[in-house]
Structure formats: C-alpha cells, structure tokens
Amino acid sequence: MKRLFAIVLSFLLLITLTFSSYAAPMPVGELSSRLLIRVGLRYGENALSSANLQNTVGYGSGYKVGYYDPSDNFIPLAQIDSTEITIRASGSTYTISNTTSGTMLTTLNSSGWTLAVVPQSLDGTPTRTWFKNNIYNGAFEYVRNSNGSLNVVNVINIEDYIKGILPYEMSPKWPLEALKAQALAARSFAVYTMDKHRSQGFDLCNTIDCQVYYGVKNANENTDTAVEQTRGMYITYNGEPINAVYHSSNGGATEHSENIWSRALPYLRAVRDDFESQTNMTNKSWNYEITLSELTSLLRARGNDIGQIVHAYAEYTESGNVEKLVFIDNNGKKLEYEKERARSVLKNSDIGINVRSQRFIFEDKANPRINSVGELMTPMSRAAYLDQSIITVTDTPVLAYPDTKSVITSYGMLPMLSGLGSSGSFKVLSSSGIYQVNEVFTVGGAGIIGAVHGTIDGSALSVPGSSSGTF
C-alpha cells in the first residue's frame, strides 16, 4: 500500500528535472478527445530513405492516401488495397509501392502539402498498423527533409496517444489507480507541450524528451481502462492544463521549477517524498567519479577557454538539490553552471557519466562534507528547540543532519571544525555574529531540522580547496 501511495504521490506532486517549460495551452473547455496529435516516430538522424507499413492481421484492409487540410480534415486522393506498402519521396513526388513485390501502386505530386496515409477497415474494426516492429493506431504522415529522407509521423487522437504512452511510462501490471494518475499527468503534459517539435513537422517526439510512446503493442486491458476512466480529464491550474512533468524517481525531494528552469510555476514546488526510500526504484541511487583532469577536458570541450581546473564545488537549494556548480582554473578564472546546466554539464558518454537529475552530491572524494543526499533533509524530533535569545538564523536557511561534517547556509557549504576546549561549548556563526553555545540547532524551510556538533567560525566562510583531485 505504501508503494502505491508513493507512486500516486509522485505523479500528483509533480516535478521532474528533464523537461523544459513552454507557453500555456488552450483552456480545458476548448480541448476535445478528438484533438489530433502528431508524434514523430522517425526524424532527424533516424529519418528514413523509405518507410514501410503493414496492416495487422484481422484489422486493416489497405489504405487511403491524401493529405490533411489546415483544419485537420483528411482529403483522400487515392485508394490502395495492398496491406504492405513502402513510401518514398523524390523532390515533390511521393511514390508508394508494394513492399513484397516492388510493384508501383501510385505516384502523387504534392504542392505544399504533406502525404498522409490512413489505414482502412472493411468491417469497421479500429485499424492497427505495424511500423518498425511496433503497432500503432491512427494515420501516418511523411515529412520530406532537404536531403530526401522522410520523417515518419503518427497522426492520432489524444486518447489513443495516451494509450500508447501508459505501457511504457508505467508498468501495465501496476494498480489501476496508479495508471489513472499517470494518464492524467501524460494527457496534461501532452497538451501543454504541443508545439515542442513543430519546426520538424510534428507536435511531440516519442522519447523521454517528450514522453515515451511506442504504440499499443504492450497495451492491455488495465492500461486502456485507465485511459477510458480518465477520458478528457486534465490536471489544471486556473482552468488550464498544467506542465505535468513527472519522473520515475526523485531521490527524496522535488524542486521549485525556477531553481531548475526559469519560470516559477505555483504548482511545481519543492516537496519532500519520504516514500521512495521504501521502494526499489531503479534510478534512485547512483554514483560516479570524475577527476580534475577530466573536468578540464570536459569544460574545454564545451567551448570554455580555461587553464587547468584546480578546484570545484557545488551549491545547493534548500530542498537539497544542486543549484550551481563552480569550477576554478589555475589562473583564478571561475566558471559557474546554474540550474539545469549544473546537471547537463557533467553528462558525458566518453567518461561514462550520466547525471540523471539535480538531486546529487558533488564533493571532493578526500574531503567529503555530505555523505548522502538523505543528510540534507532528514528531520530530527520536533522535541528539539532553538533558543532564539542565543542565535538568530532567519537569513541563513540551513539543512543539516546530526554529526555530519558540514552544514549548508546562505554562505554556501561550511565545514564543521573541532570543538573548543573541555568546556563542551561551540562557536556558531549567525546573522548577528559569532556566538558561543552549548548546543546548536539548524533551521530549514520546514522548521527545526536537527542538531549539529562542532564549530563554525569566520574562517569557514571560504570553501575549502580540493585535496584529492577526484570528485
């Protein structure tokens, strides 16, 4: 039951660290289950010189070919009885042939329109069509590229589109209520991001850059039921579908949207998730190492004119995610990568690093100041109290954990030094100066977080330098 609640919570407290924000979509009242979405199946480097289609056994019986007018009405130009066809383009001419025999079936000269192929059904049964070992509902468009290749696009109503997402973004075996939550998120995200690939001749792609969409080959009664029971429903804010980004795992907390992208969205806020730790999510924990030499090469490859990187460190948000990575070379030149770029700058296939989200620790291997992400947001008992007469920390938000080697403040990462003498008291730096106290509590956005033991003084305000060269 806890796992199910975690799944549903993860989709309703929505935030992810892989997508960008787009302009607001049309209001819900103007949306319709008949809304057509164009999904790129093959495009860019994966565009095809020729594209095959095959009606699945027991469903289709040939195709109508033509084009869609600006109002998305299909205009037929020819009828093809063959169930296996191959489409090619040369200049403004489309040719369609029988895949098995090679016999030419029809040739069409386009004038400002894009070829559309609509599968047919003799008995009225919904058509399903094979393309590249997957099965799709709907029709297909073929967008010509300047090099003669074809972008292959699936033209489909939004509800059938969601039926082709659910089996790949969530296990079809998961509980119906979890699948319904996913359907709401997927449908809302789709209409919010409809223009993302418009320049390529379609609305959305079929990868994690948009949503994973491979048609209905893996769909089952459970996933289809989830779509039907939420048909036409969206997650909304002020009457408009939200940017319902989602994730498979979050490491224990989401993040304010403006700390990753640029726009502050009132429904994409940092939220703790205490349930993921009770699951076996595949990507909830990962680890990589990178050297100063590798960092130097990586940053130079990104177009930076720098010397040898000699120091690097991270700054974190209050919810414990990386907000900024800072790199300093041997000439004192500083490079800063903020928000989403703090994640993407480290992603590099040559050295085998794939930073999956902003929720990671970037530390010198020989001088760790945080040992796990959990230390950033592990609460102490509410029985802990802060003596406000001793110390004020209202302008230094802190998230810490007992007995760690550091705390996070508005000044950055401050290492904990040794205690002073045998008196058992400690120094702490606050907004009002340095205080000598017997017990120090740290305060975060959710209140008192926990006790730390050690000394923080003015000398700790500079981030310590690298001592190992490995992070």
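In this text, all values refer to a predicted model and were calculated from it rather than measured experimentally. As a basis for the values below, the full set of heavy atoms in this structure was taken, side chains included, without hydrogen atoms, waters or symmetry mates. Starting from 1, each residue takes its place in the sequence as its number.
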*Asks:* Does the cation-pi check pass for R359 over Y316, that is, NZ or CZ under 6.0 Å from the six-membered ring centre and within 45° of its axis?
*Replies:*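 R359 over Y316 ring: no.
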*Asks:* Keeping N348 on the side-chain end and D350 on the backbone end, is there a donor-acceptor pair under 3.5 Å?
*Replies:*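 Indeed, once roles are kept as given, a pair shorter than 3.5 Å links the two residues.
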*Asks:* Can you check side chain to side chain contact (heavy atoms under 4.5 Å, CB included) on T225 and E228, steps first, answer last?
*Replies:* CA-CA 5 Å; T225 298; E228 290 300 327; 5.7 Å; no
*Asks:* Are the side chain of E336 and the backbone N or O of V326 linked by a donor-acceptor pair below 3.5 Å?
*Replies:*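 No; zero donor-acceptor contacts below 3.5 Å.
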*Asks:* Run the salt bridge (charged side-chain N to carboxylate O under 4.0 Å, His left out) test against R187 and tell me which residues pass, sequence neighbours left out.
*Replies:*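 Salt bridge (charged side-chain N to carboxylate O under 4.0 Å, His left out) check on R187 returns E159.
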*Asks:* Which residues satisfy the ring pair (Phe, Tyr, Trp, His ring centres under 6.0 Å) test with Y214, sequence neighbours excluded?
*Replies:*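 For Y214 the ring pair (Phe, Tyr, Trp, His ring centres under 6.0 Å) partners, ignoring immediate neighbours, are Y168.
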*Asks:* Checking E294 side chain against T291 main chain: does a donor-acceptor pair fall under 3.5 Å?
*Replies:*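 Confirmed, E294 side chain pairs with T291 backbone.
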*Asks:* Report yes if some heavy atom in the side chain of N222 is under 4.5 Å from a heavy atom in the side chain of W174; otherwise report no.
*Replies:*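 No; the side chains remain at least 4.5 Å from each other.
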*Asks:* Is it true that H247 and N250 share a donor-acceptor pair across their side chains at a distance under 3.5 Å?
*Replies:*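 N250 vs H247: donor-acceptor pair found between side chains.
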*Asks:* Measuring from atom CZ of F327 to atom OH of Y337, what distance do you get when rounded to the nearest 0.5 angstrom?
*Replies:*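 These two atoms lie 7.5 Å from each other.
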*Asks:* How long is the gap from CZ on R272 to OG1 on T254, to the nearest 0.5 Å?
*Replies:*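 Interatomic distance, R272 CZ to T254 OG1, rounded to 0.5 Å: 11.5 Å.
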*Asks:* To check you understand the geometry: which heavy-atom pair defines the closest contact between Y288 and G352, and what is its length?
*Replies:*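 Heavy-atom minimum between the residues: CE2-O, 3.2 Å.
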*Asks:* Please tell me if the side chains of L36 and I156 come closer than 4.5 Å, counting only heavy atoms from C-beta onward.
*Replies:*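 With C-beta onward as the side chain, the pair stays apart.
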*Asks:* Are the side chains of R300 and I306 in touch, meaning some heavy atoms are under 4.5 Å apart?
*Replies:*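 Of all side-chain heavy-atom pairs linking I306 with R300, at least one is under 4.5 Å.
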*Asks:* Minimum heavy-atom separation for A139 and Y68, please, with both atom names.
*Replies:*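 Nearest heavy atoms, A139 then Y68: CB-OH, 3.4 Å.
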*Asks:* Does one side chain, of T207 or D209, offer a donor that lies under 3.5 Å from an acceptor on the other?
*Replies:*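 No - no donor-acceptor pair under 3.5 Å links their side chains.
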*Asks:* How about V345 and L298: do any of their side-chain heavy atoms sit closer than 4.5 Å?
*Replies:*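 They are in contact (side-chain heavy atoms under 4.5 Å apart), so the answer is yes.
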*Asks:* Measure the shortest side-chain to side-chain distance between T470 and I290 over non-hydrogen atoms and say whether it is less than 4.5 angstrom.
*Replies:*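 Side chain of T470 against side chain of I290, heavy atoms only: no contact under 4.5 Å found.
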*Asks:* Please enumerate all residues that pass salt bridge (charged side-chain N to carboxylate O under 4.0 Å, His left out) together with E323, with sequence neighbours excluded.
*Replies:*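 Salt bridge (charged side-chain N to carboxylate O under 4.0 Å, His left out) check on E323 returns nothing, list empty.
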*Asks:* Is it the case that over 12 heavy atoms from other parts of the model lie below 6.0 angstrom from the CG atom of N147?
*Replies:*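 Yes, the 6.0 Å shell around CG holds more than 12 heavy atoms from other groups.
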*Asks:* What residues form a ring pair (Phe, Tyr, Trp, His ring centres under 6.0 Å) with Y43, not counting sequence neighbours?
*Replies:*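 Scan of Y43 (ring pair (Phe, Tyr, Trp, His ring centres under 6.0 Å), adjacent residues dropped) gives F202.
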*Asks:* Sub-3.5 Å donor-acceptor pair from the side chain of D329 to the main-chain atoms of I309, do we have one?
*Replies:*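 Checked: no pair found.
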*Asks:* Would you please test D224 and V216 for side chain to side chain contact (heavy atoms under 4.5 Å, CB included) and show each step?
*Replies:* CA-CA 9 Å; D224 284 352; V216 295; 5.7 Å; no
*Asks:* Any chance you could measure N157, atom CG, to I37, atom CD1, to the nearest 0.5 Å?
*Replies:*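 That separation rounds to 8.5 Å.
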*Asks:* Is a side-chain donor or acceptor of H197 paired with a backbone partner of L204 at a separation under 3.5 angstrom?
*Replies:*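 No.
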*Asks:* Atom CG in N321, atom CZ in R343: separation rounded to 0.5 Å?
*Replies:*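 The distance works out to 12.0 Å.
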*Asks:* Can you list everything that forms a salt bridge (charged side-chain N to carboxylate O under 4.0 Å, His left out) with K180? Sequence neighbours excluded, please.
*Replies:*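 For K180, the residues satisfying salt bridge (charged side-chain N to carboxylate O under 4.0 Å, His left out) (neighbours in sequence not counted) are E177.
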*Asks:* Enter the distance from E141:CD to L150:CG here, rounded to the nearest 0.5 Å.
*Replies:*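 So the gap between those two atoms works out to 12.0 Å.
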*Asks:* Testing the basics here: between A186 and I165, what is the closest heavy-atom pair and its distance to 0.1 Å?
*Replies:*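 Shortest heavy-atom separation between A186 and I165 comes out as CB-CG2, 4.2 Å.
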*Asks:* Between Q308 and T296, does any side-chain donor sit less than 3.5 Å from a side-chain acceptor?
*Replies:*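 On atom types as modelled, these side chains qualify, holding a pair under 3.5 Å.
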*Asks:* Taking all non-hydrogen atoms of both residues, which atom of Q200 and which atom of V143 are closest, and how far apart?
*Replies:*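 The answer is O-CG1, 4.2 Å.
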*Asks:* State, with a plain yes or no, whether a side-chain heavy atom of L184 is found less than 4.5 Å away from one of Y234.
*Replies:*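 No - every pair of side-chain heavy atoms lies 4.5 Å or more apart.
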*Asks:* Would you say the side chain of L346 lies within less than 4.5 Å of the side chain of F360, judging by non-hydrogen atoms?
*Replies:*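 Result yes, sub-4.5 Å side-chain heavy-atom pair found.
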*Asks:* Taking atom types as modelled, is there a side-chain donor on Q211 or Y246 under 3.5 Å from an acceptor on the other?
*Replies:*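 Note: Q211 and Y246 side chains meet the donor-acceptor criterion.
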*Asks:* Is there a donor-acceptor pair under 3.5 Å between the side chain of E169 and the backbone N or O of V212?
*Replies:*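 Yes: the side chain of E169 pairs with the backbone of V212.
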*Asks:* For residues Y161 and N154, is any side-chain donor paired with an opposing acceptor at under 3.5 Å?
*Replies:*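 Side chains of Y161 and N154: no pair found under 3.5 Å.
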*Asks:* What's the spacing between K324 NZ and N259 CG if we round to 0.5 Å?
*Replies:*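 Here the interatomic distance stands at 12.0 Å.
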*Asks:* Go through it in stages, so that I can follow the logic: the residues are I235 and Y267, the test is side chain to side chain contact (heavy atoms under 4.5 Å, CB included), and I'd like the CA-CA distance, side-chain angles, deciding distance and then a yes or no.
*Replies:* CA-CA 10 Å; I235 307 170; Y267 50 82; over 6 Å; no
*Asks:* Test your reading of the model: is there a side-chain donor-acceptor pair from T236 to the backbone of E240, 3.5 Å cut-off?
*Replies:*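 No, because the side chain of T236 does not come within donor-acceptor range (under 3.5 Å) of the backbone of E240.
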*Asks:* For R263, does its backbone N or O pair with a side-chain atom of S257 as donor and acceptor, under 3.5 Å?
*Replies:*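 Flag set: sc S257 to bb R263 pair under 3.5 Å.
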*Asks:* Would you say the side chain of V153 lies within less than 4.5 Å of the side chain of F140, judging by non-hydrogen atoms?
*Replies:*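 Not touching, per the 4.5 Å side-chain cut-off.
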*Asks:* If you take all heavy atoms of A342 and V322, which pair is closest and at what distance?
*Replies:*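 Nearest pair, atom of A342 first, then V322: CB-CG1, 3.9 Å.
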*Asks:* What side-chain donor-acceptor pairs closer than 3.5 Å can you find for residues 131-138, not counting sequence neighbours?
*Replies:*
residue	atom	partner	partner atom	Å
N137	OD1	R128	NE	3.4

*Asks:* Any side-chain to backbone donor/acceptor pair from T223 onto N220? Under 3.5 Å, distance only.
*Replies:*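 Answer holds: yes.
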*Asks:* Looking at E255 and R269, does any basic side-chain N land under 4.0 Å from a carboxylate oxygen?
*Replies:*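 Looking at R269 together with E255, the answer is no, because their closest N to O distance does not fall below 4.0 Å.
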*Asks:* Any Lys/Arg nitrogen of K196 or D203 sitting under 4.0 Å from an Asp/Glu carboxylate oxygen of the other?
*Replies:*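 No, no charged N to carboxylate O under 4.0 Å.
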*Asks:* Which pair of non-hydrogen atoms, one from F471 and one from L295, has the smallest distance, and what is that distance?
*Replies:*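 Answer, listing the atom of F471 first, then L295: CD1-CD1, 4.1 Å.
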*Asks:* Would you kindly say whether S149 and N145 are connected by a side-chain donor-acceptor distance under 3.5 Å?
*Replies:*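 There is such a pair (donor and acceptor under 3.5 Å, judged by atom type) between the side chains of S149 and N145.
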*Asks:* Look at the side chain of K339 and the backbone N and O of E258, then say whether any donor-acceptor pair between them is shorter than 3.5 Å.
*Replies:*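 Checked: pair present.
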*Asks:* Which is it for I242 and Y192 under the side chain to side chain contact (heavy atoms under 4.5 Å, CB included) test, yes or no, and what are the steps along the way?
*Replies:* CA-CA 7 Å; I242 68 169; Y192 192 94; 5.6 Å; no
